[in-house]
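Report on one structure; see the data block that follows.
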Amino acid sequence: MKTIDRSHLADLMAREAADFVARNPRSRALHERARGSLLDGVPMNWMIKWAGAFPLFVESASGARFTDVDGHEYIDFCLGDTGAMAGHGAPPTAAAVERQLRRGITHMLPTEDAIWAGEELTRRFGLPYWQFTITATDANRFSLRLARLITDRPLIAVHDRNYHGTVDETFAWLTDDGRVESRRGNLGPQVDPAKTTRVVPFNDLDALEAALADGQVAALLIEPALTNVGIVLPEPGYLEGVREITRRHGTVLIHDETHTICAGPGGMTGAGGYEPDMLVIGKTIGGGIPAATYGMTEDVAQRVRGRIDYEDSDVGGIGGTLAGYALSLAAIRATLGEVLTAEAFARMIPLAARWEAGVNAVLARHDVPWHVTRLGARAEYHFMPTRPRTGREQWAHGDPELERFLHLWAMNRGILMTPFHNMALMSPVTTEADVDRHTEVFEGAVAALFGD
Ligand SMILES: Cc1ncc(COP(=O)(O)O)c(C=O)c1O
């Protein structure tokens, strides 16, 4: 079994970092210029999290590939961290968007596409009523507001090491001794999340029971599998147990399928036949055009209807000027209707299985004790020999130095992985050759790391 030689890793990293700078003079120059007008030289602060000394500037993207301003082509397994899971510029989405641009982008009036989208979401996820937002963050925030409204309870609950967008109350985690505190890196919280939020470990039904027992928790907001700390899958019976406990305690169960849609056309909810009270999905449903949605059961809808005062609803804390706007609904209709179809998933999921098998074969050949987890069209390797059971366990095996090296090695050889962990996502137009190229490049990195 292999271990990492840290000084060898530092030497390799220095070489890759120098190669990155030498390969990308135009991106480097643009980043220098950008520092004059953009905070840290990027339009959004996460964009400095890439492994190189500066981010690549993109010239164009199409399908599962993009080209940077220095003329290098990349196979894109990041896909805008799921925003471009449908592939860059999918032709049906692009055509629908162009058509809608000429017919009016936003009017704060509904279009027929909204009805199509509501009906399709019901078919996929089972919930009868839908509302639209610009981002998944908004959809989560509004779902939590509605849950508090209809239960008259003050608190929410989440999984330890969750990520649901920039929703203030979710920025809580568990300390070593099991207390809830504001998570590391929580920037300028408006209120201490320990006051608003209960936190339970993933795959721990006893902890959930204890968190909900006093009837103070309005909503439990979960990803059916954690994806943002690294993929952590539910153990058999866990999601059924979550449903039973939340129902018994009158807590609104919200499934956030923004990433777990990779499990199939109806996400994990559709694949497993689960019955959440509310469901959120964003990012990919508009094929890259800002669009997100939240759905609810008949029961939730009825309880909501009696509580909204429509005279004050425009300042009631739910909604947004561009939410449900015509362009986004046209994009959703084309993307769900013609791009992220059941047939597309039937192509994408075997590609992720091929990626998983390729990485596993490399690990076995080099006797490296890392584990690979796959969730439908998304797969990822963890720096630990077995599958993580909780977010905390996955977090404890994080290795930012090693991760940066693997990402930079891949980028220097034309492969883009998501910057946050070791995850690859398949689009409907990713090919077997793309996957095999990743396996080849990954094997090169492993061989360089372990000296064989
Ligand atoms: C599970 C989940 N929910 C919600 C969000 C928020 O999405 P957005 O940043 O588009 O609002 C994310 C973003 O990564 C996510 O992973």
Side-chain angles (χ1 to χ4, degrees), residues 42-47 49 77-86 125 131-145 147 156-173 183 185-187 197 199 202 219-234 239 242 253-263 266-269 274 276 278-295 318-320 322-325 328 331-332 335 375-378 380 391 394-395 417-425:
V42 286
M44 195 272 285
N45 62 87
W46 306 352
M47 292 186 193
K49 235 195 140 180
F77 289 107
C78 167
L79 295 167
D81 191 19
T82 310
M85 179 177 164
F125 299 106
Q131 290 280 278
F132 293 88
T133 63
I134 302 294
T135 65
T137 296
D138 278 348
N140 279 325
R141 288 195 302 112
F142 300 159
S143 299
L144 294 176
R145 273 186 176 259
I156 68 142
V158 290
H159 278 133
D160 191 27
R161 317 290 146 152
N162 76 81
Y163 185 75
H164 293 283
T166 53
V167 181
D168 290 289
E169 295 149 290
T170 61
F171 281 76
W173 69 9
R183 67 171 296 156
N186 187 4
L187 301 169
T197 307
V199 182
F202 200 76
L220 173 70
L221 172 62
I222 63 165
E223 284 191 284
L226 296 181
T227 65
N228 281 294
V229 64
I231 302 174
V232 183
L233 298 175
L239 294 175
V242 166
L253 174 61
I254 309 168
H255 278 190
D256 179 350
E257 289 273 12
T258 300
H259 277 182
T260 47
I261 183 66
C262 59
M268 289 181 73
T269 302
Y274 298 112
M278 302 188 76
L279 185 142
V280 164
I281 181 167
K283 294 200 186 185
T284 191
I285 59 169
I289 298 294
T293 183
Y294 56 102
I318 291 180
L322 292 177
Y325 72 121
S328 71
I332 291 174
T335 306
L375 177 62
R378 184 189 300 275
E380 164 162 49
Q394 160 65 15
W395 178 277
M417 302 277 286
T418 13
F420 309 120
H421 29 103
N422 307 308
M423 192 193 80
L425 181 63

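Nothing fancy with the numbering, it's 1 onward along the sequence. Whatever order the structure lists ligands and atoms in, that order sets their numbers, starting from 1.
The shortest N or O to N or O distance between T137 and ligand 1 is under 3.5 Å. Of the polar atoms of N228, at least one N or O is found under 3.5 Å from an N or O of ligand 1, judged by distance alone. The shortest N or O to N or O distance between K283 and ligand 1 is under 3.5 Å. On a distance-only criterion, H259 and ligand 1 share at least one N/O pair closer than 3.5 Å.
Near T135, meaning under 4.0 Å from any of its heavy atoms, are these atoms of ligand 1: 11 (O). Counting atoms of ligand 1 from 1 in the listed order, those under 4.0 Å from a heavy atom of N140 are 3 (N), 4 (C).
Taking CE of M268 as the reference point, atom CG of D256 lies at 12.5 Å (rounded to 0.5 Å).
Atom 1 (C) of ligand 1 has its nearest heavy-atom neighbour, among E223, E257, H255, in E223.
Looking only at heavy atoms of the protein, atom 7 (O) of ligand 1 is closest to A136 CB, 3.5 Å. Of the protein's non-hydrogen atoms, the one nearest atom 5 (C) of ligand 1 is G165 N, 3.6 Å. Among protein heavy atoms, the minimum distance from atom 2 (C) of ligand 1 is reached at D256 OD2, 3.4 Å.
With F142 as reference, D138 is the one residue of L144, D138, N140 to meet the side-chain contact (heavy atoms from CB on, under 4.5 Å) rule. With respect to H259, the side-chain contact (heavy atoms from CB on, under 4.5 Å) criterion is satisfied by exactly one of I231, D81, L226, T284: D81.
When side chains are defined from C-beta on, Y163 does not count as touching T258, because their heavy atoms never get closer than 4.5 Å. Taking 4.5 Å as the limit, every side-chain heavy atom of H159 sits out of range of all side-chain heavy atoms of E223.
Here the closest non-hydrogen pair linking L375 and A225 is CD2-CB, 3.9 Å.
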